[in-house]
Amino acid sequence: MGQELILCLHGIGRPHDGVTARESIFWVTRQAFTTLLENIVETRATVDIPALMTFDDGNASDATTALPELFKRGLKGVFFICAGRIGSPHYLDRAALADLVAAGMEIGTHGKDHRNWRGLDEAALDAELGDARRRIEDVCGVVVTKAAIPFGSYDRHLLRRLRRERFECVYTSDRGLARSEAWLKPRDTMDSTWLEADMRRVLTAKPSLKARLRRNVAILYKGLR
Ligand SMILES: [Zn+2]
């Protein structure tokens, strides 16, 4: 049974005005980002688990900073875009999205207005899931088959609804390795506190037994509530 390591990043550089204090911890410096990429390249030589980079929120730094650094190293990424932010200041616009697609990056959906999907009524979910996906497909000229859940917040009702939307894969923020064939995939979210030792620990997929247990309990709870 194959496994994969999925990293979740947000903005790179200084957080812009649209980033809340709570979210700014997920912004990392360009230096930290390139250190991460170098460690990915280095650890893949000995660790037999593929590493996938994902980027949430559709910040402009996806194209200005992440894209050239990934491209230079022959790495690929999946970019989860909020449909309602396309073209807004500090976020990806049509041209930047075209650059990502042209470079072979994959585009997924992160909804419309970066809302917590858990507990939304059907009409709001229609806008966040169906309408947002169609808008992203329209702007980017690609088929969107993947979704990333905002704030990693879900319950069994939301998962059932996401299944109905027929996404190929849905990404959470639950940490740890994903099974390659799984529909719901956990990701390790990098934040501004990560040192190189933290990157190595995640990239070599050696969490403590306690960390694994804690994660499995959390996933079980979220999927059942
Ligand atoms: Zn987000």
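Owing to the predicted nature of the structure, the values given are computational and were not obtained by experimental measurement. The first residue of the sequence shown is numbered 1, and numbering continues consecutively from there. Start at 1 and go down the list; that is how both ligands and their atoms are numbered.
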Checklist outcome for this item: Note on the Zn ion (ligand 1): protein N/O/S atoms within less than 2.8 Å are D57 OD1, H110 NE2, H114 NE2

Checklist entry - Crowded around D48 CG? As in, over 12 foreign heavy atoms under 6.0 Å? => result no

Next on the checklist: Taking ring pair (Phe, Tyr, Trp, His ring centres under 6.0 Å) as the definition, give me every residue that meets it alongside H90, ordered by chain and number, with sequence neighbours left out.
Outcome noted: H16

Checklist entry - Stepwise, does the salt bridge (charged side-chain N to carboxylate O under 4.0 Å, His left out) test hold for D155 with R161? => result CA-CA 10 Å; D155 57 19; R161 175 62 199 256; over 6 Å; no

Checklist entry - Which word best sums up how the rings of F55 and F79 line up, parallel for under 30°, tilted for 30 to 60°, or perpendicular for over 60°? => result parallel

Check: residues 136-153 side-chain donor-acceptor pairs under 3.5 Å, at least two apart:
unit_1, atom_1, unit_2, atom_2, d
E137, OE2, V144, N, 2.8
K146, NZ, E106, OE1, 3.3
K146, NZ, E106, OE2, 2.9
S153, OG, N116, OD1, 2.9
S153, OG, N116, ND2, 3.3

Pairs under 3.5 angstrom only: tabulate donor-acceptor contacts from the side chains of residues 65-72 to other protein residues two or more places apart or in another chain.
unit_1, atom_1, unit_2, atom_2, d
E69, OE1, K72, NZ, 3.2
E69, OE1, R73, NH1, 2.8
E69, OE2, R30, NE, 3.4
E69, OE2, R30, NH2, 3.1

